[in-house]
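For reference, the structure discussed in these notes is given below.
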Amino acid sequence: MRMVLHQVLSGAGPYDAITREALAIRELVGSWGWDGADHAVHIDPRMGRRIRALDDLAPAEGDTLLIHYSAYAPRLARVLDMPGRKVLLSHNVTPARWFWEHDAQIGVQCALGRRQLPAFAARCDVVAGDSLFNARELGSELVLPLVLPSIRADPELPEQPDGPLTVLFVGRLVPHKRQDELIRAIGLLRRHRDPEARLVLVGEPLHERYAAALAELADEAAPGGVLFERSLDDAELEARYRAAHVFLCLSEHEGFCVPVVEAFAHGVPVVARPRGAVTETVGGAGLLLDGTLDEMVELTHLALTDAQLRAELRARGRERVADYGIERTSQLLRELLSP
Amino acid sequence: MKPEEALERAKGASFGEDLSGFTIEPTDEITIERLMEWAVIETDPDLVRSTRWWGAPITWLKRGLRHLMRQELGQAYAQQSRFNLMVVTRLQELEAFVRDADGPPPGP
């Protein structure tokens, strides 16, 4: 019997990690000979025809529905009444407390999403998370790490970058990812330790007003030290990783944190606060410290400048990447989706 | 140095600066004052835009429509804001009532 897999997302956008994973899964299951299509409630116009409207979803009995849950969306619940085996993959929902002051609509989606998620889980046949942190919120121990075909543990570590000392963070410019703290951190780093260090922030902003507020902070706290970039294609993003000396994450909430794994794959040492699933994703391969901003800056300085430390972290990161390689995750995916 | 040494060395670091500026703080407690602010609907015209790569004319059209509809939209916002404010005001009165009712017990 030919397997049919339909994927359902709350929203789909060109720079969204969950959307990219869904497309990667589609390609993977397609190579297995599976049929099906991918649907979303909200579709960014830039997605074109790669994702279909939820209204077009019409599964048959015997089909499998993989529901990527990351936020509330109206009409998403109707999927639970459709025929087919339902697999819930929780990507976690950011607590609304981070959005009330900045985006009411997203705050509402987050609040409703966290409220709805347990009820969703109760009506699905299989419940999993893309991290143990996410799975355990729903009382499950099933984990499917994000499917990342581009992540490969190269046998040779990339060359160390030879440009200016660069601290990198990749992620949407949103409150809980604390780019405000990253900006203050680079200001402290430049004033007290490494005057030539710069911060590169890659990500789409919550909205232009939020981006402007961060830009204003950068001008005040670290003039000339912060570069904001967005809408990078894969080659441009790869170049940013290759030019980075340290990946610094000060997020207060993460359901997985794909960029940490991407940093490992590019031989970039990772310094992070242990929040949400970051601890799990980093494992023992990075520097995790629940410290003050000053302490995080000092740790970043050490990771930037100590050759032995950098070599150790780069080696550990390379080992860690293997845990997220496509060979392993595709096997886990097949086990999760097969009846 | 080893990673474990780096962690130990970083602990206690202090640069003695008083940092200010745009700061993200999660909203954990919704006060009546905050509800009063939120009760009034005020949209941001800058958020009315198209994300398509050829979106400039669409953005112009959207903002033009918004302007043309301002009387209808203004009424809708005003009526909703009026209701919101009345609800929050009643909530404030109820809170005060409960607070007064839970006051200290009468003396001997």
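Order of the sequence lines sets the chain letters (A, B, ...), proteins ahead of strands, with each chain counted from 1.
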Is it the case that the side chains of A:T19 and A:R50 hold a donor-acceptor pair, with the cut-off being a distance below 3.5 Å and no angle test?
no

So, using salt bridge (charged side-chain N to carboxylate O under 4.0 Å, His left out) as the criterion, who are the partners of B:D44 when residues are at least two apart?
A:R209

Which heavy atom of A:L214 sits nearest to which heavy atom of A:I183, and what is that distance?
O-CD1, 3.5 Å

side-chain contact (heavy atoms from CB on, under 4.5 Å) assessment of A:F264 paired with A:R318:
CA-CA 6 Å; A:F264 287 149; A:R318 178 174 55 176; over 6 Å; no

Heavy-atom pairs under 4.5 Å with chain B, option from A:Q179, A:E216, A:R191 with the top count:
A:R191

Can a donor-acceptor pair be found between the side chains of B:Q92 and B:T89 at a distance below 3.5 Å?
no

Looking at A:D16 and A:R172, is there a salt bridge between them, counting it only when a charged N and a carboxylate O are closer than 4.0 Å?
no

Using a 4.5 Å heavy-atom cutoff, which residues in residues 99-111 of chain A come close to chain B?
A:W100, A:E101, A:H102

Side chains of A:T94 and A:R114: any donor to acceptor distance under 3.5 Å?
no

Are more than 12 heavy atoms, taken from residues, nucleotides or ligands other than A:R20, located less than 6.0 Å from that residue's CZ atom?
no

Just to be sure I understand the criterion: a residue of residues 293-303 of chain A counts if one of its heavy atoms is under 4.5 Å from a heavy atom of chain B. Which ones qualify?
A:L293, A:D294, A:E295, A:V297, A:E298, A:L299, A:L302

Rounded to the nearest 0.5 Å, what separates atom OG in B:S14 from atom NE2 in A:H192?
9.0 Å

Main chain of B:M1, side chain of A:D306: is a donor-acceptor contact present, judged purely on distance under 3.5 Å?
yes

Chain A heavy atoms under 4.5 Å from B:L47: which part of the residue, side chain, backbone, both or neither?
side chain

Heavy atoms of A:Y72 and A:G113 approach each other most closely as CB-N, 3.4 Å

If contact means a heavy atom pair closer than 4.5 Å, which residues of residues 221-231 of chain A contact chain B?
none

Quick one, A:R275 and A:D290 - any side-chain contact, counting heavy atoms below 4.5 Å?
yes

Could you tell me which of B:E5, B:E17, B:E25 has the largest number of non-hydrogen atom pairs under 4.5 Å with chain A?
B:E17

Is A:L287 close to A:V282 at the side-chain level, that is, under 4.5 Å between some pair of heavy atoms?
no

At a heavy-atom distance under 4.5 Å, which candidate from A:P95, A:G291, A:P175, A:G187 has the highest pair count against chain B?
A:P175

Would you mind telling me which of A:E312, A:R46, A:R184 has the largest number of heavy-atom pairs within less than 4.5 Å of chain B?
A:R184

Options B:A6, B:P3, B:S50, ranked by heavy-atom pairs under 4.5 Å with chain A, top entry
B:P3

Just do the side-chain hydrogen bond (donor to acceptor under 3.5 Å, both in side chains) check on A:H245 and A:Q160 with the steps written out, would you?
CA-CA 8 Å; A:H245 294 78; A:Q160 297 239 31; over 6 Å; no

Closest contact, heavy atoms only, A:L288 versus A:G283:
CD1-O, 3.9 Å

Parallel, tilted or perpendicular, as decided by the 30° and 60° cut-offs, for the rings of A:H253 and A:H176:
perpendicular

Using a cut-off of under 4.5 Å on heavy-atom pairs, state which of B:R49, B:K2, B:R34, B:E37 scores highest against chain A.
B:R34

